[in-house]
**Q** 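Dropping a structure here in structure tokens format, bear with me for questions.
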Amino acid sequence: MDETVAEFIKRTILKIPMTEMMTILKAWDFLPENQLQTVNFRQRKESLVQDLVLLCENKRASLRDAALLDIICEDVDLFDMEQFKSSFEKILRRALKNVTVSFRDSEENAVWIRIAWGTQYRKPNQYKPVFVVYYSQTPYVFTSFCHLKSNTPLLSQALTVASNHHKIVKMDLRSRYLDSLKAIVFKQYNQKFETHNSTMPLQENLELDMHMDSRIIHENRIEKERVQRVTQETFGDYPQPRLEFAQYKLETKFKSDFHGGILAERKEPLRCLIKFSSPHLLEALKSLAPAGIADAPLSPLLTCIPNKGMNYFKIRDK
């Protein structure tokens, strides 16, 4: 096989995400399936590509075969992850000499990026890196806390240019759990909705007293069924994404039917900060009404967190 063809096939295969590799190779229909079964698809991508190119060389692939593979890749609109990495690192190094950038491919067409920042006169601080997870062909990127906030615009610029997007907009959503952030952003937390039999928990939780008025028993049962139905309609019957807090900044002016007073004459709005925190906030909110701690339904300001994709809110008077 010609060296030019081998290089073309190598570059084409490098563009294929690991999750799509077997599907595309089968669609190419150049390498027999029994040969593909002998290949270790769990090894590093560079080693996998070498094995596949060797198989193509043994079968004497032509330029026409390589072009067909490229056409199949174009049909599925593949993202060139290697080009993204190269472009991202070049942008950082062009602006900052002392920086260390490491990449690790992950599942679901994602790449983990570890960045150790330095300055013009100091070497990169390996003890305080920032971690970035980018999912190809999506407008979302997840980042850990950046200790050097002055480098945040540079990081945003590198991500924007390398991913071929026009701009990056910061979302008011934070959590220590990447899977929960993904579930909220990609709307994956409610894909498997199960029908819930509301009579079973009520039979377990409602202890009947033989001396209690039957009308009270009936009203209690109806109210519990209503609360459980409203809670299920609001939160669903699936595990909630894991967030640790929700924060609300309120700005409002004092309103009263009585004229005068210090607060009524105040021109500046009243400001306050309200924060709800829990090891598993959404599950805690979900349990409030059934436990009798809050009325059902809860305020939309509390229940809209997953749908809006945010747990930082600013509320002002209209």
Side-chain angles (χ1 to χ4, degrees), residues 1-91 101-114 131-142 158-166 178-179 181-183 185-193:
M1 184 173 68
D2 186 82
E3 291 183 2
T4 305
V5 176
E7 183 64 23
F8 186 23
I9 292 177
K10 177 182 177 181
R11 290 176 177 269
T12 305
I13 296 177
L14 278 171
K15 294 191 300 182
I16 305 175
M18 294 296 286
T19 54
E20 302 289 339
M21 187 71 73
M22 181 62 80
T23 302
I24 290 176
L25 291 176
K26 286 182 177 180
W28 186 28
D29 199 27
F30 177 75
L31 297 174
E33 189 168 347
N34 60 342
Q35 280 191 334
L36 292 177
Q37 291 176 353
T38 64
V39 179
N40 180 12
F41 283 87
R42 295 188 177 184
Q43 60 183 319
R44 291 178 60 86
K45 193 171 188 179
E46 292 77 7
S47 302
L48 172 61
V49 171
Q50 290 179 0
D51 292 347
L52 292 172
V53 171
L54 182 60
L55 291 177
C56 293
E57 288 179 346
N58 294 337
K59 202 177 177 186
R60 297 183 180 181
S62 65
L63 183 59
R64 183 176 181 178
D65 297 320
L68 179 58
L69 175 61
D70 190 44
I71 291 173
I72 295 173
C73 292
E74 291 296 326
D75 285 344
V76 295
D77 191 23
L78 295 178
F79 177 81
D80 192 340
M81 185 63 79
E82 297 305 316
Q83 183 178 349
F84 167 83
K85 295 177 186 177
S86 176
S87 176
F88 179 84
E89 187 169 1
K90 283 180 180 178
I91 294 170
V101 184
S102 304
F103 299 96
R104 180 179 179 272
D105 292 331
S106 182
E107 298 177 356
E108 300 178 338
N109 298 341
V111 58
W112 280 74
I113 310 171
R114 180 186 184 275
F131 292 93
V132 178
V133 183
Y134 174 65
Y135 287 83
S136 65
Q137 296 176 303
T138 74
Y140 299 106
V141 61
F142 304 91
L159 289 169
T160 304
V161 175
S163 61
N164 296 321
H165 284 90
H166 298 294
L178 178 61
D179 287 342
L181 292 175
K182 285 165 46 186
V185 168
F186 297 141
K187 303 297 183 184
Q188 296 172 338
Y189 61 92
N190 61 347
Q191 289 182 345
K192 297 181 179 179
F193 187 85

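These values consider heavy atoms only, across backbone and side chains, with no hydrogens, waters or symmetry-generated copies.
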**Q** Over all heavy atoms of both residues, which pair between S87 and A162 is shortest? Give the atoms and the distance, please.
**A** OG-CA, 3.7 Å
**Q** Enumerate, atom names and distances included, each donor-acceptor pair closer than 3.5 Å involving a side-chain atom of residues 25-39, sequence neighbours excluded.
**A**
residue, atom, partner, partner atom, Å
W28, NE1, D65, O, 2.9
T38, OG1, Q35, O, 2.5

**Q** For A61 versus V5, what's the shortest heavy-atom pair and its separation?
**A** O-CG1, 3.7 Å
**Q** So, using ring-ring contact (aromatic ring centres under 6.0 Å, His included) as the criterion, who are the partners of Y140 when residues are at least two apart?
**A** F186
**Q** Could you work out, with side-chain contact (heavy atoms from CB on, under 4.5 Å) as the rule, every residue matching A6, not counting sequence neighbours?
**A** M1, V53, E57
**Q** W112 and L178: side chain to side chain contact (heavy atoms under 4.5 Å, CB included), yes or no, with the steps?
**A** CA-CA 12 Å; W112 280 74; L178 178 61; 3.6 Å; yes
**Q** Please report the interatomic distance CD1(I16) to OG1(T23), rounded to the nearest 0.5 Å.
**A** 10.0 Å
**Q** Taking the side chain as everything from C-beta on, heavy atoms only, tell me whether I13 gets closer than 4.5 Å to M21.
**A** yes
**Q** The criterion is side-chain contact (heavy atoms from CB on, under 4.5 Å); which residues satisfy it with L14, sequence neighbours excluded?
**A** K10, V49, E82
**Q** So, using salt bridge (Lys or Arg N to Asp or Glu O under 4.0 Å) as the criterion, who are the partners of R11 when residues are at least two apart?
**A** E7
**Q** Output all residues satisfying side-chain contact (heavy atoms from CB on, under 4.5 Å) with S47, sequence neighbours left out; order by chain, then residue number.
**A** Q43, R44
**Q** Can you name the salt bridge (Lys or Arg N to Asp or Glu O under 4.0 Å) partners of D105, sequence neighbours left out?
**A** K85
**Q** With sequence neighbours left out, what residues match S86 under side-chain contact (heavy atoms from CB on, under 4.5 Å)?
**A** K90
**Q** Measuring from I9:CD1 to L69:CG, what's the distance to the nearest 0.5 Å?
**A** 7.0 Å
**Q** Report yes if some heavy atom in the side chain of L55 is under 4.5 Å from a heavy atom in the side chain of D51; otherwise report no.
**A** no
**Q** Closest approach of A110 and V133, non-hydrogen atoms and distance?
**A** CB-CG1, 4.4 Å
**Q** Can you name the nearest heavy-atom pair linking T12 to F8, along with the distance?
**A** OG1-O, 2.8 Å
**Q** Are the aromatic rings of Y134 and F84 close, with centres under 6.0 Å apart?
**A** yes
**Q** Determine whether F103 and M81 make a side-chain contact, defined as any pair of heavy atoms from C-beta on separated by less than 4.5 Å.
**A** no
